[in-house]
Amino acid sequence: MQSIRTVSIIGTGSYVPEKVLTNHDLEKIVDTTDEWIHSRTGMRERHIASPDQATSDLGTEAAKVALIDAGIDAEELDLIIVATLSPDMFFPSTACFVQDKIGAKNAFCYDLGAACSGFLFALDAAKNQIACGAVKTALVIGAEKMSTFIDWKDRGTCILFGDGAGAAVLQAGGEGRGIMQSVMGSDGSLADLLWTPGGGSRNPISHEMIDQGMQYLKMKGRDVFKYAVNRMTESVIQALEKNEVSVDEIKCFIPHQANIRIIDAIAKRLNIADRIYTNVEKYANTSSAALAMALDEAAKDGTLKKGDLVAMTVFGGGFTWGANVLEWSKS
Ligand code: ACO
């Protein structure tokens, strides 16, 4: 098997559901204000999926846009990975549902669980499978319907999240360095700082579990904040070193869109405030979809230009975190 070194993103796409939930709407649901939410998080609004939309429906819409952008047919896909923490069902995988909906009958499909870090982890997995020659073309999706397991009575968490999906098509070849080496890490000893404890095999579905609200996302916000800033900053530095790229060479930094204060703290530490990409104001935190949606938006609004070096970084439940660097090769 021939070793292929360069793997490039040849198309991106994203999708958000129609319904917009503003901070003012949230004022009517919980004891909060637009001013509190915006000053603490940078968020103004988020999109919420309709009851008949599942995560695979969001992912499918993003995938269709990415395939058109890439100029390829779904049947050309060899692999589909969906990063999600809100799958349609425990099984089969959300990726299999997407495969069926887009008609990618030649692809093998699986989901990847790394919470908010999922898209970067999935990008790395797909890239390596292409780089070693195992597959030629892959579709990587980050998709979430966060609204289904948010406790809409908890003002500390319900204001933070939104629904959406982003997708990227990867292929062997392309000009420049393409997707470079990633740095990724995890620390399972901190799992209880950000998790949804109920509904799985540890705390199976029962009336008691539901009465205790264990089916909802739980978070110790201040701890998450501290770790998120430290881990994302460190992993960007490590990824730059690993790929022998200096901070000055990076044209655009795309961090996980968790909270504007987390993003600002990273920007300050790395001295990159003039090059950091954010859209958290419009979509809030869409977990594994956030990086994918931001990448697509940066590509489409002209921020990314051919030949630009881009650094991306993520942090999420687990804890999980990571960063990578890529050379943008689309015009
Ligand atoms: N509206 C009004 N007041 C609120 C709200 C709200 N929505 N939520 C909390 N408060 C109150 C609290 O009850 C508390 O009141 P008290 O002092 O009377 O007890 C006060 O505001 C301060 O609460 P804190 O939780 O300490 O507020 P903080 O400034 O830390 O902001 C926040 C909370 C926004 C959650 C912050 O900790 C944060 O951003 N953490 C990071 C979490 C994150 O981004 N998670 C995303 C998932 S992880 C990921 O994607 C990487």
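First listed ligand is number 1; within each ligand, the first listed atom is number 1. From a predicted model like this one, the values you see are computed outputs, not experimental measurements. Any value given below was found using the heavy atoms of this structure, including those in side chains, with hydrogens, waters and symmetry copies removed.
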Numbering the atoms of ligand 1 from 1, which are under 4.0 Å from a heavy atom of [X]?
X: L194; value: 47 (C), 48 (S)
X: C116; value: 49 (C), 50 (O)
X: T32; value: 1 (N), 2 (C), 6 (C), 7 (N)
X: G221; value: 37 (O), 40 (N), 41 (C), 42 (C)
X: H256; value: 49 (C), 50 (O), 51 (C)
X: I159; value: 7 (N)
X: G156; value: 8 (N)
X: R261; value: 29 (O), 31 (O), 36 (C)

Return yes if a side-chain donor-acceptor contact under 3.5 Å exists between [X] and [Y], otherwise no.
X: S50; Y: D52; value: yes
X: K101; Y: S56; value: yes
X: Y277; Y: D301; value: yes
X: Q238; Y: S235; value: no
X: N259; Y: T41; value: no
X: T137; Y: Q171; value: yes

Regarding [X] and [Y], does a basic nitrogen lie under 4.0 Å from an acidic carboxylate oxygen?
X: D154; Y: K218; result: no
X: K136; Y: E76; result: no
X: D163; Y: K145; result: no
X: D69; Y: K330; result: yes

List the closest protein heavy-atom neighbour of [atom]: residue, atom name, distance to the nearest 0.1 Å.
atom: atom 12 (C) of ligand 1; answer: R155 NH2, 3.8 Å
atom: atom 24 (P) of ligand 1; answer: R222 NE, 4.0 Å
atom: atom 38 (C) of ligand 1; answer: N259 ND2, 3.6 Å
atom: atom 27 (O) of ligand 1; answer: W36 CZ2, 4.0 Å

Just to check, does [X] reach to within less than 4.0 Å of ligand 1 when the distance is taken from its heavy atoms?
X: I262; value: yes
X: A228; value: no
X: D31; value: yes

Taking N or O atoms only and a 3.5 Å limit, does N285 qualify as a polar contact for ligand 1?
yes
To which of M219, M232, R40 does the heavy atom nearest atom 28 (P) of ligand 1 belong?
R40
Could you check E144 against S287 for side chain to side chain donor-acceptor pair (under 3.5 Å), going step by step and ending with a plain yes or no?
CA-CA 7 Å; E144 302 288 7; S287 186; 3.2 Å; yes
Region of [X] that comes within reach of ligand 1 [heavy atoms, distance under 4.0 Å]:
X: W321; answer: neither
X: V30; answer: neither
X: F315; answer: both

Student check: side-chain heavy atoms of E208 and M214 closer than 4.5 Å:
no
Considering only protein heavy atoms, determine whether one is less than 4.0 Å from [atom].
atom: atom 9 (C) of ligand 1; result: yes
atom: atom 14 (C) of ligand 1; result: no
atom: atom 19 (O) of ligand 1; result: no

Walk me through whether T60 and D57 qualify under side chain to side chain donor-acceptor pair (under 3.5 Å).
CA-CA 5 Å; T60 295; D57 298 312; 5.4 Å; no
Do the ring centers of F319 and Y227 come within less than 6.0 Å of each other?
yes
